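Before I ask anything, here is the structure I am working with.
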Amino acid sequence: MGASDRLERSFFNRPTLLVARELLGKHLVRMLDGQRLSGIITETEAYIGEEDLACHCKAGRTPRTQVMYGQPGLAYVYFTYGKHWLLNFVTEAENSPAAVLIRAIIPTAGLEHIAARRGHQPPARWTDGPGKLCQALEIDGALNAYDLCQPEAVLSIENGAPIPDSSVTTGPRVGLNSVPEPWKSKPWRFLARLPDNS
DNA sequence: AGCACGATTAACT
DNA sequence: GTTAATCGTGCTC
């Protein structure tokens, strides 16, 4: 795949639930020291606006949330639990704060580089969590507010085989233990079951 | 300045 | 299934 397959900003400038759904099956591409690392996105979650009490934007504009008020197609990368980086993509129009969390990918390229960081676990556990995939692809705070739609981007999304609705399941977002209803139970998590999965 | 807590992970019972 | 680890963020005093 070449640069022509890279998603344009218009892809992200749409309702967040639609973006979260359509990101399933797309390729997350990370250029690292001239090497191409990539994986197929299989799990996402939507975080939508200041009213969504699970979204960091419930606090309004702060140094951390500022990027979510920016233009669609930026990366929102934040640190949590004193240990883990989590990767999101900003969605919707500027000043409409929302993002999609990338929760899991299936590695497709650069496996030896991924293994260098995640090889202490079996391959099936290399990128099956939002913190794990950031570790695998060396994604951290240096990429916060990074524009995925710029030329020669070191982090971007490319088109992939579409995932049919019959292979998509939804459910409540993960890890919202103390978030009040109805936000806690909103079915804003999207999972893809790929053909070669069982 | 101090505090409670988190969009998690890995190890342990 | 349960829990420690670990520190930036946002809120209160």
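Just so it is clear: chains get the letters A, B, ... in the order the sequence lines come, proteins before strands, and each one is counted from 1. Keep in mind that the numbers below use all heavy atoms, side chains included, and drop hydrogens, waters and symmetry copies. The model shown is predicted, which means the values in this text are computed figures rather than measured ones.
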**Item:** C/dT6 pairs with, by Watson-Crick or G-U criteria that keep both distances under 3.5 Å
**Value:** none
**Message:** For a quick check under 3.5 Å, do A/Gln66 and A/Tyr76 share a side-chain donor-acceptor pair by atom type?
**Reply:**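 No - no donor-acceptor pair under 3.5 Å links their side chains.
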**Prompt:** Mapping A/Asn177 and A/Leu133 onto DNA chain B by nearest heavy atom, which one lands closer to the 5' end?
**Reply:** A/Asn177
**Request:** When you get a sec, tell me which of B/dT9, C/dA5, C/dG10 is the closest nucleotide to the side chain of A/His84?
**Result:** B/dT9
**is_close_aromatic(A/His56, A/Tyr78), centroid dist under 6.0 Å** =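 They qualify: ring centres under 6.0 Å apart.
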**Fill in**
Interatomic distance, OG1@A/Thr127 vs CD1@A/Ile105, rounded to 0.5 Å, equals 4.5 Å
**Request:** Please report, rounded to the nearest Å, how far the C1' atom of B/dT9 is from the CZ atom of A/Arg125.
**Result:** 12 Å
**Prompt:** Pick the nucleotide of DNA chain B nearest each of A/Val174 and A/Gln121; which residue has the one closer to the 5' end?
**Reply:**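 So the residue in question is A/Val174.
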**Item:** Sole residue of A/Lys184, A/Arg173, A/Lys186 in salt bridge (Lys or Arg N to Asp or Glu O under 4.0 Å) with A/Asp52
**Value:** A/Arg173
**Value in whole Å for how far the P atom of C/dT9 lies from CZ of A/Arg61** =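 So the two atoms are 18 Å apart, to the nearest Å.
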**Side chain A/Tyr78 and base B/dA7 donor-acceptor under 3.5 Å** =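 Yes.
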**Item:** C/dT9 phosphate, OP1 or OP2, under 4.0 Å from A/His56 side-chain N/O
**Value:** no
**Prompt:** Taking NZ from A/Lys186 and P from B/dA7, how many angstroms apart are they, rounded to a whole number?
**Reply:** 18 Å
**Request:** Would you mind telling me which of B/dT8, B/dA7, C/dG10 lies closest to the side-chain atoms of A/Leu101?
**Result:**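 When the side chain of A/Leu101 is considered, B/dA7 is the closest of B/dT8, B/dA7, C/dG10.
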**Item:** Side-chain donor or acceptor of A/Trp126 paired with backbone N/O of A/Gln121 under 3.5 Å
**Value:** yes
**Message:** So A/Arg64, base contact, sugar-phosphate only, or nothing? Heavy-atom distance under 4.0 Å.
**Reply:**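 Touches sugar-phosphate only.
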**Request:** Using whole Å, report how far CZ of A/Arg118 lies from P of B/dT9.
**Result:**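 So the CZ-P distance, A/Arg118 to B/dT9, works out to 8 Å.
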**Message:** Can you tell me if A/Tyr47 is stacked onto the base of B/dA7, using a 5.5 Å centroid cut-off and an angle below 30°?
**Reply:**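 Check passed, A/Tyr47 stacks on base of B/dA7.
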**Prompt:** Just how far, in rounded Å, is C1' of B/dT8 from CG of A/Leu86?
**Reply:**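 One finds 7 Å between C1' of B/dT8 and CG of A/Leu86, rounded.
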**Message:** Quick check for you: among B/dG6, C/dC7, B/dA7, whose closest atom lies nearest to any side-chain atom of A/Phe79?
**Reply:** C/dC7
**Message:** Whether A/Arg14 engages the ring of A/Phe12 as a cation-pi pair (distance to the six-membered ring centre under 6.0 angstrom, angle to the ring normal within 45°) should be assessed.
**Reply:**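 Pair A/Arg14/A/Phe12 does not count as cation-pi.
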**Request:** Respond yes when some side-chain nitrogen or oxygen of A/Ser178 is under 4.0 Å from OP1 or OP2 of B/dC5, and no when none is.
**Result:**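 A/Ser178 to B/dC5 OP1/OP2: no side-chain N or O under 4.0 Å.
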**Request:** Mind calculating the distance between CD1 (A/Ile139) and C1' (B/dA7) to the nearest angstrom?
**Result:**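 One finds 16 Å between C1' of B/dA7 and CD1 of A/Ile139, rounded.
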**Prompt:** Considering only side-chain heavy atoms of A/Thr80, which listed nucleotide, B/dA10, C/dG10, B/dT8, is closest?
**Reply:** B/dT8
**Prompt:** Between B/dT8, C/dC11, B/dA10, which nucleotide has the shortest distance from any of its atoms to the side chain of A/Ala59?
**Reply:**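 Per side-chain heavy atoms of A/Ala59, the pick is C/dC11.
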**Request:** Return the nearest nucleotide to the side chain of A/Lys132; candidates are B/dA10, B/dT8, C/dT9.
**Result:**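 Nearest nucleotide to the side chain: B/dA10.
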**Request:** Starting at atom NZ of A/Lys83, determine the distance to atom P of B/dA7, rounded to an integer number of angstrom.
**Result:** 17 Å
**Asked** A/Trp85 has an atom CH2; how far is it from atom P of B/dG6, in whole Å?
**Response**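 To the nearest whole Å, that distance equals 19 Å.
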**Asked** Does C/dC11 have a Watson-Crick or wobble mate here (both distances under 3.5 Å), and if so which one?
**Response**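 Across any shown strand, C/dC11 pairs with B/dG2.
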